[in-house]
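Okay, so here's the structure we're looking at.
Values in this document were obtained by computation on a predicted structure and should not be read as measured data. Here is how names work: the chains are called A, B, and so on, in the same order as the sequence lines, proteins then strands, and each is numbered from 1.
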Amino acid sequence: MSSTFLGMPATPPRSPYGTGNLRGDRKFPKAAHDELRNEQLRRNLGRATRTIRAKRLNVTGELPDWEALREAGSAIKTDTMNRLPELLEQLERKVTERGGTVHWARDGVEANEIVTRLVKATGSSDVIKVKSMATQEIGLNEHLESVGITPYETDLAELIVQLAHDKPSHILVPAIHRNRDEIRQIFLKEIPGVDPGLDNVPAHLAAAARAYLREKFMTTEVAVSGANFGIAETGTLAVVESEGNGRMCLTMPDTLITVMGIEKVLPRYQDLEVFLQLLPRSSTGERMNPYTSMWTGVTPGDGPQDFHLVLLDNGRTAALADRIGREALNCIRCSACLNVCPVYERAGGHAYGSTYPGPIGAVLTPQLAGMHAAKGDPNSSLPYASSLCGACFDACPVKIDIPSLLVELRHQNTEQSGTTAEKLAMKAAATVMKHPKLFTAAQKGAGIGRLVGGRDGRISHLPPPFNGWSESRDTAAPPKQTFRSWLASAEGAQAMRAAAGEYEKNRKQKEEEK
Amino acid sequence: MRIGLFATCLGDTLFPEAVKSTAVLLARLGHDVVFPPGQTCCGQMHVNTGYQREPVPLVRNFAEQFGDASIEAVVMPSGSCAGSVRHQHEIVAERYGDASLRAGVATVKAKTYELSEFLVDVLDAEDVGAYFPHRVTYHPTCHSLRMLRVGDKPLKLLRAVDSIDLVELPEADSCCGFGGTFAVKNAETSTAMLQDKMRNIAGTDAEVCTAGDSSCLMHIGGGLSRIRSGTRTLHLAQILSATRTSPYVPTEAVR
Ligand code: SF4
């Protein structure tokens with residue numbers, strides 16, 4: 001290969017290393033090791049994902065045009081990604097026309113600075129927040145706290161996570177790893193002025209949170225939200241939620257700052273028809289979510305009078321430039337793929353080390369933040385955190401072929417990794433297997449495995465890297481004879497003749513019966 | 001029909017009984033079974049682990065071995081290998097192959113079948129004359145189910161077996177945790193999945209857990225053997241090839 005790279009395109013920047021929440025500190029197998037021991041988490045996740053799976057199947061199964069809706073969702077998102085720049089400019093124009101202000105943030109650091117500047121300009125030292133993955137991704141809360149601004153999460157589960165100084169474990173059910181006794185403890189410790197007699201009855205816990213939050217809604221002048229959709233045609237933003245806290249945040253304060261990933265744009269208002277059917281059914285397994293808030297710029301005398309939209313890139317343009325990333329950007333964050341994923345169900349969300357866990361997280365995270373940003377980058381383990389069972393593809397409302405993307409991402413990883421022991425082994429295996437003679441010789445070698453098998457033909461210990469396998473699985477010692485040597489033997493020939501003979505016999509019998 | 005039998009590298013080397021049964025079954029149904037001797041491996045493990053350059057010669061060899069027009073169908077007792085031939089070979093050929101490889105891959109792809117698909121779709125045979133007087137539960141492997149979409153074809157075949165006591169496996173469509181190198185790279189998560197699968201199998205009280213892939217059966221069987229379970233694993237082909245005149249006799253170590 002030529003050593004000159006003149007003329008090679010420069011790839012757009014990924015999310016800067018060391019910022020935000022798109023990288024854990026350990027590789028997946030290590031992180032999963034600890035989570036797998038957390039019985040509480042496994043039980044909760046198992047129960048919750050099973051329930052939500054059944055609910056989702058009910059409400060998607062009842063729609064005769066569900067497959068057509070998925071097709072439409074996929075087509076609209078693909079079209080959106082194909083002309084993202086023009087749609088974003090259209091969105092900016094429309095929002096501005098309607099009295100909003102649009103800001104462009106190259107990465108999380110810029111977005112955090114913009115939000116901080118906007119909050120400071122209001123003179124408020126508190127903000128209320130609607131659950132938002134984009135702000136979680138860029139670590140906005142941590143940043144605001146570091147400059148003396150207190151963010152209050154208003155979604156019940158997010159509130160629990162925030163009060164516990166924890167990280168969310170699930171896109172949709174961020175506190176799935178906590179039970180109600182733990183939640184009671186967290187509230188007693190962290191909510192100022194809470195009734196010390198608070199018990200663990202869910203309704204009482206919710207009431208305690210409601211009283212605490214109501215006061216915040218009434219007194220805080222700035223809100224920060226994310227957005228599920230932004231309509232280019234009209235400049236309309238949409239947030240779907242269940243608890244009504246979003247509606248409060250989006251309507252009560254004077255100032256509203258919305259941080260939206262650039263992939264959330266949709267071309268037309270009418271596209272909501274498709275997505276407001278796909279999203280709630282796929283995510284919470286409901287026909288419709290309780291609250292859908294939509295707003296367009298500023299309406300004098302109604303709602304926030306100062307509206308800012310921060311459009312966040314943070315690696316999305318880099319993803320868009322990649323075939324895998326482009327398809328992954330179609331994701332509408334419904335979390336259906338997480339709920340059906342057998343790996344996610346066991347290992348939990350924390351093991352992925354990113355705001356985006358589960359099957360789509362394993363694709364999206366390396367695409368946004370890279371997987372070779374430093375030596376031993378934990379993100380390089382994410383594409384392998386899947387048995388490729390394909391349940392995610394079937395569940396995805398926008399038909400993202402996640403297993404194929406994971407296989408492609410693994411290929412990118414091996415291509416970027418240089419020479420590794422694994423690559424050498426794969427090469428050696430391919431060399432043997434492309435020569436039938438060598439292959440037959442190697443098969444004879446496999447017969448040596450018989451020697452390490454116990455008297456019953458079980459092998460119960462294997463050397464690394466297979467020791468993890470042999471921890472819980474026996475391996476049968478290789479048989480005396482391969483298939484091909486059997487077929488070539490007198491016994492094999494005899495068996496095949498007998499089978500053919502049986503066919504003849506049956507055929508004659510049938511003819512006679514006729 | 002003249003059928004090219006692909007033994008798969010795993011079947012040929014470690015699970016020959018499943019392949020023997022496939023060969024015998026197809027012959028018993030009146031077909032001419034040929035075994036191109038130069039065949040080795042489909043390269044699935046390479047592709048699934050992220051290697052696409054290395055398996056090019058394997059993909060080429062497969063296309064050469066089975067490309068001959070006299071072979072009307074290529075049949076293999078493995079959903080995941082059939083999936084690889086049908087979905088992955090063209091990716092490899094597209095990216096790292098030449099025009100002749102791409103053409104060769106397209107030719108074999110069109111005539112490649114997993115065993116149960118071949119029996120039900122091509123031969124239109126559900127009752128293959130099998131006899132198997134045992135309690136059996138069926139685990140649909142992920143690649144048969146979601147890559148090849150074999151649906152209930154294996155169950156149709158099993159239901160037609162004489163004297164079989166077929167019991168439904170709870171949560172049948174959840175992955176057993178094998179996933180090729182996944183079981184090595186993420187052995188602990190894989191084990192957690194395997195444990196749930198084994199619990200569901202134990203609940204059926206079946207003597208035999210069957211499936212269409214020796215690889216998944218190796219995984220499930222390895223786990224069942226470790227806990228000294230009373231259930232053994234057996235490839236679907238081994239059940240379908242058993243008859244009243246030559247009934248199934250266990251020849252392999254219990255696994
Ligand atoms: S990848 Fe598909 S299923 Fe998963 S969260 Fe995104 S839209 Fe939902």
Side-chain angles (χ1 to χ4, degrees), chain A residues 28-29 32-33 36 42 342-343 346-347 383-391 393-394 407 410-411 413-414 422-423 426-427 429-430 433-434 436 439 443 446 456-458 460 465-466 468-469 471-479 481-484 486-487 492 495-496 499-500 502-503 506-507, chain B residues 7 9 11-14 16 19-20 23-24 27-30 33 35 37-41 43 46-52 54-55 57-58 61 129 142 146-147 174-175 177-180 182-194 218-219 221-223 225-226 245 252-255:
Chain A
F28 186 88
H33 170 84
L36 283 165
R42 261 177 82 180
V343 173
R346 272 82 181 184
Y384 300 91
S386 165
S387 65
L388 305 177
C389 82
F393 183 20
D394 282 6
V407 168
R410 291 176 185 187
H411 180 53
N413 177 50
T414 62
E422 185 184 89
K423 188 177 281 179
M426 286 288 168
K427 270 207 176 103
M433 285 168 173
K434 78 177 163 193
F439 179 66
Q443 285 182 318
D456 54 1
R458 290 181 227 247
S460 49
F466 303 105
W469 164 277
E471 271 291 300
S472 48
R473 302 157 194 87
D474 288 339
T475 307
Q481 207 180 22
T482 62
F483 169 75
R484 66 182 68 208
W486 173 82
L487 190 66
M496 292 303 282
E502 192 154 340
Y503 170 72
N506 290 341
R507 197 176 57 87
Chain B
C9 60
D12 189 6
T13 314
L14 295 181
V19 195
K20 289 182 203 175
V24 164
R28 195 179 80 212
L29 294 173
V33 180
F35 181 83
Q39 62 174 279
T40 56
C41 163
H46 289 86
V47 178
N48 281 347
T49 315
Y51 297 88
Q52 295 187 11
E54 293 73 7
L58 305 182
N61 184 50
C142 299
R146 287 179 280 260
M147 205 172 189
S174 63
C175 175
F178 177 60
F182 172 77
V184 176
K185 287 181 191 275
N186 281 291
E188 287 177 277
T189 307
S190 164
T191 295
M193 291 157 71
L194 174 61
M218 170 174 82
H219 183 239
S225 162
R226 176 60 56 89
T245 39
E252 302 144 277
V254 171
R255 54 179 147 229

How about A/S387 and B/F182: do any of their side-chain heavy atoms sit closer than 4.5 Å? yes
Just wondering, do A/F28 and B/N186 contact through their side chains at under 4.5 Å, heavy atoms? yes
Quick one: does any side-chain atom of [X] pair with a main-chain N or O of [Y] as donor and acceptor, under 3.5 Å?
{"X": "A/S472", "Y": "B/T191", "answer": "no"}
{"X": "B/T40", "Y": "A/M433", "answer": "yes"}
{"X": "B/N61", "Y": "A/K434", "answer": "no"}
{"X": "A/R410", "Y": "B/N48", "answer": "yes"}
{"X": "A/H33", "Y": "B/E188", "answer": "no"}
{"X": "B/D12", "Y": "A/R484", "answer": "yes"}
{"X": "A/R473", "Y": "B/G221", "answer": "no"}

Whatever's closer than 4.5 Å to a heavy atom in chain A on B/S190 counts as both
Give, as side chain, backbone, both or neither, the part of B/L29 having an atom under 4.5 angstrom from any heavy atom of chain A. backbone
List the steps and the verdict of side chain to side chain contact (heavy atoms under 4.5 Å, CB included) for B/R146 and A/F393. CA-CA 9 Å; B/R146 287 179 280 260; A/F393 183 20; over 6 Å; no
Please determine if B/K185 and A/E422 form a salt bridge, counting it only when a charged side-chain N lies under 4.0 Å from a carboxylate O. yes
Taking side chain as everything from C-beta outward and backbone as N, CA, C, O, which of these in A/N413 sits under 4.5 Å from a heavy atom of chain B? Side chain, backbone, both or neither. neither
Side chain, backbone, both or neither: which part of A/L388 has a non-hydrogen atom closer than 4.5 Å to chain B? both
One should read off an interatomic distance between A/N506 CG and B/R28 CZ, to the nearest 0.5 angstrom, of 8.5 Å
Classify the angle between the aromatic ring planes of B/H219 and A/W469 as parallel (below 30°), tilted (30 to 60°) or perpendicular (above 60°). tilted
